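Working notes for the structure below.
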Amino acid sequence: VQLQASGGGLVQAGGSLRVSCAASGGTFSSYNMGWFRQAPGKEREFVSAISWSSGNAYYADSVKGRFTISRDNAKNTMYLQMNSLKPEDTAVYYCAAYKMEKLFTYRSGINSANYNYWGQGTQVTVSS
């Protein structure tokens, strides 16, 4: 499956942004999906993950209550709605996927090593 992230941009602190991840070349509904981000000079970190059926979702503590992950399997697209953005949310946001045959749990969802497919990333910049 190929993943294409989009929707990033520049937003003021306290604002909102929605990034999307469009999938092609595979059966989107058979993949668990996740969002990761990487800020300059920092390691890539987990943001959120959602199971293939949307039945389960997990969030990093730093974004819990502000970000909402969702997916539309009919549109082969995953979303990350980001509200109350902070300057520390500035990063390149990557979407990723792994096959549903691998059980979706908190431990598997937050671990970037479990993901087999990655998008190219979209830049989100939050100004103070």
Side-chain angles (χ1 to χ4, degrees):
V1 66
Q2 292 80 47
L3 304 175
Q4 179 81 30
S6 63
L10 174 64
V11 63
Q12 288 190 330
S16 298
L17 203 62
R18 187 177 80 162
V19 291
S20 301
C21 177
S24 61
T27 304
F28 180 68
S29 58
S30 66
Y31 292 89
N32 299 312
M33 302 291 297
W35 286 100
F36 292 78
R37 67 186 181 187
Q38 187 166 20
K42 295 188 176 181
E43 292 187 354
R44 187 174 298 187
E45 65 174 3
F46 168 76
V47 177
S48 183
I50 188 167
S51 65
W52 63 273
S53 65
S54 301
N56 288 292
Y58 301 111
Y59 297 90
D61 288 343
S62 59
V63 307
K64 203 172 292 183
R66 300 187 298 121
F67 291 10
T68 302
I69 192 171
S70 63
R71 64 189 294 166
D72 186 336
N73 286 346
K75 295 183 178 179
N76 295 339
T77 305
M78 174 180 66
Y79 306 97
L80 185 69
Q81 177 67 44
M82 303 182 290
N83 298 329
S84 302
L85 282 161
K86 305 175 181 180
E88 50 264 44
D89 294 318
T90 295
V92 177
Y93 283 70
Y94 298 91
C95 57
Y98 67 91
K99 291 286 285 183
M100 63 183 287
E101 284 78 8
K102 189 181 297 182
L103 191 63
F104 183 77
T105 64
Y106 177 74
R107 292 187 68 179
S108 66
I110 68 172
N111 187 353
S112 62
N114 283 323
Y115 291 80
N116 306 108
Y117 307 94
W118 291 82
Q120 86 293 355
T122 185
Q123 176 71 47
V124 172
T125 303
V126 184
S127 63
S128 57

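Values reported hereafter were calculated over all heavy atoms of this structure, with side chains retained and with hydrogens, waters and symmetry mates removed. Just so we're clear, the structure is a prediction, and the values are computed from it rather than from any experiment.
By the 4.5 Å heavy-atom criterion applied to side chains, V11 and M82 are not counted as neighbours. Contact of the I69 side chain with the Y59 side chain is registered, since non-hydrogen atoms from C-beta on lie closer than 4.5 Å. Side-chain contact between F104 and S53: absent, with no pair of heavy atoms (C-beta onward) separated by less than 4.5 Å. Considering only heavy atoms from C-beta on, Y79 comes within 4.5 Å of D72 through its side chain. Residues W118 and R44 have side chains in contact (heavy-atom distance under 4.5 Å, counting atoms from C-beta outward).
In plain terms, the two heavy atoms of G25 and Q2 that are nearest each other are CA-OE1, 3.7 Å. Nearest approach of F28 to A23, heavy atoms of both residues: CD1-CB, 3.4 Å. The two residues A49 and G109 come nearest to each other via the heavy atoms CB-O, 3.9 Å. The nearest pair of heavy atoms linking I50 to S70 is CD1-CA, 3.8 Å. Residues L80 and S48 come closest through the heavy atom pair CD1-CB, 4.2 Å. For V19 against V124, the heavy-atom pair with the smallest separation is CG1-CG2, 4.0 Å.
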_side chain to side chain contact (heavy atoms under 4.5 Å, CB included) assessment of F46 paired with Y58_ = CA-CA 10 Å; F46 168 76; Y58 301 111; 4.2 Å; yes

_Checking N83 against S16 for the side chain to side chain donor-acceptor pair (under 3.5 Å) test, could you report, in this order, the C-alpha distance in whole Å, the side-chain angles of both residues, the deciding distance, and whether it holds?_
CA-CA 4 Å; N83 298 329; S16 298; 2.9 Å; yes

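Side chain of S84 to backbone of G14: no donor-acceptor contact under 3.5 angstrom is found. Here the side chain of S128 pairs no donor or acceptor atom with the backbone of P87 at under 3.5 angstrom. Put simply, the side chain of Q120 gets close to the backbone of A5: a donor and an acceptor are under 3.5 Å apart.
F36 is not connected to W52 by any chain of hydrophobic side-chain contacts under 4.5 Å among Ile, Leu, Val, Met, Phe, Trp and Tyr, and they are in different clusters. In the hydrophobic clustering of this structure, M78 does not group with I110; members are Ile, Leu, Val, Met, Phe, Trp, Tyr whose side-chain heavy atoms approach within less than 4.5 Å, directly or through other members. Residues Y94 and V63 are members of separate hydrophobic clusters, defined by side-chain heavy-atom contacts under 4.5 angstrom among Ile, Leu, Val, Met, Phe, Trp and Tyr.
The SG atom of C95 lies 8.0 Å from the CD atom of Q4; values are rounded to the nearest 0.5 Å. For the atom pair OG1 (T77) and CE (M33), the distance works out to 9.0 Å, reported to the nearest 0.5 Å. Between atom CZ of residue R71 and atom OG of residue S51 there is a gap of 7.0 Å, rounded to the nearest 0.5 Å.
Legend: residues meeting side-chain contact (heavy atoms from CB on, under 4.5 Å) with S127, ordered by chain and number and at least two apart, are L10, Q12. Looking at residues two or more places apart in sequence or on another chain, you find a side-chain contact (heavy atoms from CB on, under 4.5 Å) between Q123 and T90, V92, T125.
Taking the ring centroids of Y117 and Y31, they lie under the 6.0 Å cut-off.
Among residues at least two apart or in separate chains, salt bridge (Lys or Arg N to Asp or Glu O under 4.0 Å) pairs with a member in residues 75-100 are R37-D89, R66-D89.
Between Y115 and Y98, the ring planes are perpendicular. Angles over 60° get that label, and only those under 30° would be called parallel.
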